[in-house]
Amino acid sequence: MKLTILGGGGFRVPLVYGALLGDHAEGRVTRVTLFDLDEGRLSAIARVLAEQGAGVPDAPVVTATTDLDEALRGADFVFSAFRVGGLDGRAADERIALAEGVLGQETVGAGGIAYGLRTVPVAVRIARRIAELAPDAWVINFTNPAGLVTEAMSRILGDRVIGICDSPVGLGRRVARILGADPDEAWIDYVGLNHLGWLRGLRIDGRDELPRLLADEEALNSFEEGRLFGPEWLRSLGAIPNEYLHYFYFNREAVQAYRSAERTRGAYLRDQQAGFYQEMGKPDTPALAAWQRTLADREATYMAANREAAGIGERDEEDLESGGYEKVALALMRAVARDERATLILNVRNGTTLAALDADAVIEVPCLVDANGAHPLSVSPLPYHAVGLVTAVKAVEREVLAAAESGSRATAVKAFALHPLVDSVTVARRLVEGYTAEHAGLSYLRH
């Protein structure tokens, strides 16, 4: 099978290739095509993959190209992992939002809206090329904001595009381990939107063990989300929120921490990765070792501002393991290509799963995956406080899609103004002015 990775010069691509190297079953990926517009980044990542695959029998053959059509032709699977505007764009998103006193995180609040407005038009154009050149391919979307971009692409590709994220998987694995369960055997009751969901139960041998965790103060303080939100708040919710809900539940503290930080997360990653790719420009640099060193630092500093706001210090070693988005992607591919049924938390069209949303709304829920794709499983209704957040943020996403389609500045203003973390129409107007002045990718917002 052929796998095409859009954004093939991206820093996390070696995670995907590493997962592929461990798959030796029939029907595995044998060819990987990296597509990127930046030849330097493509060359750097290709060198890392070459070192990863050295000595591995039947390692997938890697090619690289800056021609999108060439990359798509013959693809069985397409990973969408591109970043419109690069990390310079992310850093600018954060800076402009924080200057207005609102959150600029890349998927949440004003920063997420700005990133979505830049990304959706590109994602739609790519989806049309996929429909034309590789109509039978399955598209696995990593591109942030993942739920929004998946919904935009689904308007063209239908259920053949599936979004993935490692946050809910990582949360489920941490909770399962604390409860003494095998993370691969536990059933995780999780529901919401991408970066806006709640773990509401964890079943082991048919019994929900989450109440036992919520009653145990010491256990709640033993993992990242427990320390981040605090035992009292988790017991009030009766659930464990996705870490990104910290931006909603402790918004003032998070904004203050971001404003007082030496650098925002985007600026930090921009500088860190610039150093990595510059180092990779030297032909004698050990590529894999340089990448591994940079990755370790990236993971250790993840959500540092939120931990500072919560007063919980550095990440514990056991919290450094993510859900492994590359492992989720590989499990998804196996289930589709080989009809190996799997249950995975994915971003898919709602259908009738959540009554508060329409059928085409992309949600993040457990899904049964087989050769026919991902099928959302039925879930119990959300409590009203969660319905309020989910419907408010979905309304914002719909305005982003409408603005991207129409080019309407007024609709873009509406998207910002309706977000729960942007509490002013006046601020929304200034944000649109600031972002359109900064980003060439928003020049389409003309009227």
Side-chain angles (χ1 to χ4, degrees), residues 1-25 27-36 41-42 44-53 56 58-62 64 75-83 107 137-144 146 149-150 161-174 183-184 194-195 269 273 276 287-288 291-300 302 319-338 340 342-347 364 367 369 374:
M1 292 194 304
K2 175 184 175 180
L3 167 64
T4 293
I5 302 179
L6 307 179
F11 182 78
R12 294 204 292 178
V13 167
L15 293 172
V16 174
Y17 192 67
L20 295 175
L21 290 175
D23 184 18
H24 302 290
R28 66 189 179 89
V29 170
T30 56
R31 294 179 294 151
V32 175
T33 298
L34 308 179
F35 164 78
D36 206 293
R41 290 168 65 92
L42 267 179
I45 296 302
R47 283 177 56 197
V48 176
L49 303 194
E51 290 192 18
Q52 277 185 299
V56 178
D58 299 323
V61 176
V62 177
D76 298 287
F77 288 92
V78 176
F79 284 4
S80 172
F82 56 88
R83 178 179 289 279
T107 61
W138 289 90
V139 180
I140 301 177
N141 179 54
F142 305 111
T143 300
N144 276 326
V149 172
T150 300
V161 58
I162 300 167
I164 70 171
C165 179
D166 59 354
S167 282
V169 181
L171 170 58
R173 296 184 72 84
R174 285 189 285 276
D184 295 322
N194 181 239
H195 289 181
L269 290 176
Q273 290 195 22
F276 165 74
L288 183 57
W291 176 81
Q292 290 171 332
R293 184 173 60 251
T294 308
L295 177 68
D297 184 61
R298 174 192 176 112
E299 294 300 314
Y302 179 64
D319 289 328
L320 291 177
E321 180 191 3
S322 71
Y325 87 115
E326 70 284 357
K327 297 175 185 175
V328 180
L330 183 59
L332 175 56
M333 284 199 300
R334 283 175 171 169
V336 171
R338 306 171 194 166
E340 295 179 3
T343 302
L344 303 168
I345 299 173
L346 301 167
N347 287 267
E364 190 169 77
C367 298
V369 188

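In summary, the side chains of Thr150 and Asn141 do present a donor paired with an acceptor at a separation below 3.5 Å, with no hydrogens or angles considered.
The CG atom of Leu34 sits 8.5 Å away from atom CG of Leu3, with the distance rounded to the nearest 0.5 Å. The CG atom of Leu171 sits 11.5 Å away from atom CG of Asp166, with the distance rounded to the nearest 0.5 Å. Atom CZ in Arg47 sits 11.0 Å away from atom CG in Leu288 (nearest 0.5 Å).
His195 approaches Cys165 most closely through the heavy-atom pair NE2-SG, 3.5 Å. In plain terms, the two heavy atoms of Leu49 and Pro14 that are nearest each other are CD2-CA, 3.7 Å. The minimum heavy-atom distance linking Glu51 with Ala287 is given by the pair OE2-N, 3.0 Å. Gly53 approaches Ala59 most closely through the heavy-atom pair O-CB, 3.9 Å. For Ala75 against Thr4, the heavy-atom pair with the smallest separation is CB-OG1, 3.6 Å. Here the shortest heavy-atom pairing between Ile140 and Ala329 reads CD1-O, 4.2 Å.
Considering only heavy atoms from C-beta on, Val32 stays 4.5 Å or farther from Val16 through its side chain. Two residues are said to be in side-chain contact when any heavy atoms from C-beta on lie closer than 4.5 Å; Leu346 and Val328 meet this criterion. The shortest side-chain heavy-atom distance between Phe276 and Asp297 does not fall under the 4.5 Å cut-off. Between Glu364 and Ile345 the shortest side-chain heavy-atom distance falls below 4.5 Å. Side-chain contact check for Arg12 versus Tyr325: some heavy-atom pair is nearer than 4.5 Å. Contact annotation: the side chain of Val369 never approaches that of Ile162 to less than 4.5 Å [non-hydrogen atoms, C-beta and beyond]. By the 4.5 Å heavy-atom criterion applied to side chains, Ile164 and Val169 are not counted as neighbours. Counting only heavy atoms from C-beta outward, the side chains of Val336 and Phe77 approach each other to under 4.5 Å.
Remark: side-chain polar atoms of Thr143 are paired, donor with acceptor, to backbone N or O of Phe82 under 3.5 angstrom. In terms of modelled atom types and a separation under 3.5 Å, the side chain of Glu326 and the main chain of Ala19 share no donor-acceptor contact. Listed for the Tyr17 side chain is a donor-acceptor partner under 3.5 Å among the backbone atoms of Pro60.
Ion pairing between a basic and an acidic side chain is recognised when a charged N comes within 4.0 Å of a carboxylate O; Asp23 and Arg338 show such pairing.
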Determine whether Asp36 and Ile45 satisfy the following criterion, side chain to side chain contact (heavy atoms under 4.5 Å, CB included), listing intermediate values before the conclusion.
CA-CA 11 Å; Asp36 206 293; Ile45 296 302; over 6 Å; no
Dump the intermediate steps for side chain to side chain contact (heavy atoms under 4.5 Å, CB included) on Leu330 and Lys327, then the final yes or no.
CA-CA 5 Å; Leu330 183 59; Lys327 297 175 185 175; 5.7 Å; no
Between Phe79 and Met333, is the side chain to side chain contact (heavy atoms under 4.5 Å, CB included) condition met? List the steps.
CA-CA 11 Å; Phe79 284 4; Met333 284 199 300; 3.8 Å; yes
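For the pair Arg298 and Phe11, the NZ or CZ position fails the cation-pi test of under 6.0 Å to the six-membered ring centre and within 45 degrees of the ring normal.
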